[in-house]
Amino acid sequence: MAPAVKYGRLMTGLRIVDAVDRFDSDLFVGRAHEILAGLVADGAALGWVEPPSADEVTALLAEVGLAALAGDAALRAAYDGSDLVGVGYWRRYARPTHQPHADLEKVAVDGAAQGRGVGRALTAALVDAARERGIEVLTLDARGDNDRALTLYRSLGFVEYGRLADFVAVGEHRYDKVFCALDLRGGS
Ligand SMILES: CC(C)(COP(=O)(O)OP(=O)(O)OC[C@H]1O[C@@H](n2cnc3c(N)ncnc32)[C@H](O)[C@@H]1OP(=O)(O)O)[C@@H](O)C(=O)NCCC(=O)NCCS
């Protein structure tokens, strides 16, 4: 079925770009910070309890960008025309025995742009980048109540391989940590 039928309001000006050349751009980093901090303030499960500071996001994107330049990460950005509406990245595992593999760590779409195909396009582009880079297994973990993200990942072929019950701590609340993997070996 064509996605346009499903959504009815797919983002028509959507572009997914390699952001490796933008990780030190104040404009890009500032807007990425706005998106990430806004999502966390609204309760998104992105690994932070409190919204990250601008410095934290700057440092994170610099780390990812430098790793991407070395071929050990991919950083992708989603634009609605010229407006940044989403970011995501994966990083190769540092542990020597895990180096053929990478972890998809954050996929974040601005609240106002959600539900219009941005997250799907961004995640699919990151999977494509992993395949092109020869990554063997792409892993991720998600909070057990993040149905939207888990549905998206499953629909792209990620399979749950384990879960830690009541592991993610947000104040007094506890949530499952769900581990998923996409095996890219076999040329599919
Ligand atoms: C998870 C997230 C990245 C999805 O991005 P998005 O742009 O909203 O997603 P899309 O519009 O591409 O939709 C992808 C899937 O999400 C689900 N989805 C989207 N909108 C939904 C809604 N309103 N209700 C329920 N599910 C929805 C559907 O399964 C959809 O699949 P479909 O294309 O077959 O309909 C986004 O919601 C987000 O940034 N959330 C906060 C941060 C986060 O949780 N990141 C993931 C960390 S593991």
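We number each residue from 1, following the sequence as shown. When a ligand or atom number is given, it counts from 1 through the structure's own listing order. Just so we're clear, the structure is a prediction, and the values are computed from it rather than from any experiment.
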Original post:
Does Gly115 reach ligand 1 with a nitrogen or oxygen that is under 3.5 Å from one of the ligand's nitrogen or oxygen atoms?
Top reply: yes
Subject >> Numbered atoms and elements of ligand 1 in range of Val107, under 4.0 angstrom, heavy atoms >> reply: 3 (C), 39 (O), 42 (C), 43 (C), 45 (N), 46 (C)
**OP:** Would you mind checking if Arg31 and Asp110 are paired as a salt bridge, meaning a charged N to carboxylate O distance below 4.0 Å?
**Re:** yes
**OP:** Describe, in one word, how the ring planes of Tyr161 and Phe179 are oriented to each other, choosing from parallel (under 30°), tilted (30 to 60°) and perpendicular (over 60°).
**Re:** tilted
Original post:
Would you call Arg76 and Asp18 a salt bridge, taking side-chain N to carboxylate O under 4.0 Å as the test?
Top reply: yes
Original post:
Can you list the ligand 1 atoms lying under 4.0 Å from a non-hydrogen atom of Leu152?
Top reply: 14 (C), 15 (C)
Subject >> Those atoms of ligand 1 less than 4.0 Å from some heavy atom in Tyr153 >> reply: 46 (C), 47 (C), 48 (S)
Subject >> Close side-chain approach of Glu34 to Leu84, heavy-atom, < 4.5 Å >> reply: no
Subject >> Arg116 and ligand 1 - part of the residue with a heavy-atom distance under 4.0 Å >> reply: backbone
Subject >> Cationic N near anionic O, under 4.0 Å, Arg163 to Asp176 >> reply: yes
Original post:
Is Arg133 atom CZ crowded by more than 12 heavy atoms from other residues, nucleotides or ligands, each under 6.0 Å away?
Top reply: no
Original post:
Any idea which atoms of ligand 1 are less than 4.0 Å away from a heavy-atom of Ala108?
Top reply: 39 (O)
Subject >> Atoms of ligand 1, numbered as shown, that sit under 4.0 Å from any heavy atom of Ala45 >> reply: 47 (C)
Subject >> Interfacing atoms of ligand 1 (cut-off 4.0 Å, heavy-atom, Gly119) >> reply: 5 (O), 6 (P), 7 (O), 9 (O), 12 (O)
Subject >> Asp72 and Arg92 ion-paired at < 4.0 Å >> reply: yes
Original post:
Between Val109 and ligand 1, is there a nitrogen or oxygen pair with a distance under 3.5 Å?
Top reply: yes
Subject >> Location of contacts on Asn146 toward ligand 1, heavy atoms closer than 4.0 Å >> reply: side chain
Original post:
Just by distance, do the side chain of Trp90 and the backbone of Leu126 share a donor-acceptor pair under 3.5 Å?
Top reply: yes
**OP:** Closest by any non-hydrogen atom to atom 21 (C) of ligand 1: pick that one out of Arg148, Met11, Arg154, Arg120.
**Re:** Arg148
Subject >> Exam field: side chain His33 to backbone Ala54, donor-acceptor pair closer than 3.5 Å >> reply: yes
Subject >> Contacting atoms of ligand 1, where contact means under 4.0 angstrom from a heavy atom of Gly117 >> reply: 10 (P), 11 (O), 12 (O)
**OP:** May I ask you to list the atoms of ligand 1 that are less than 4.0 angstrom from any heavy atom of Thr151?
**Re:** 29 (O)
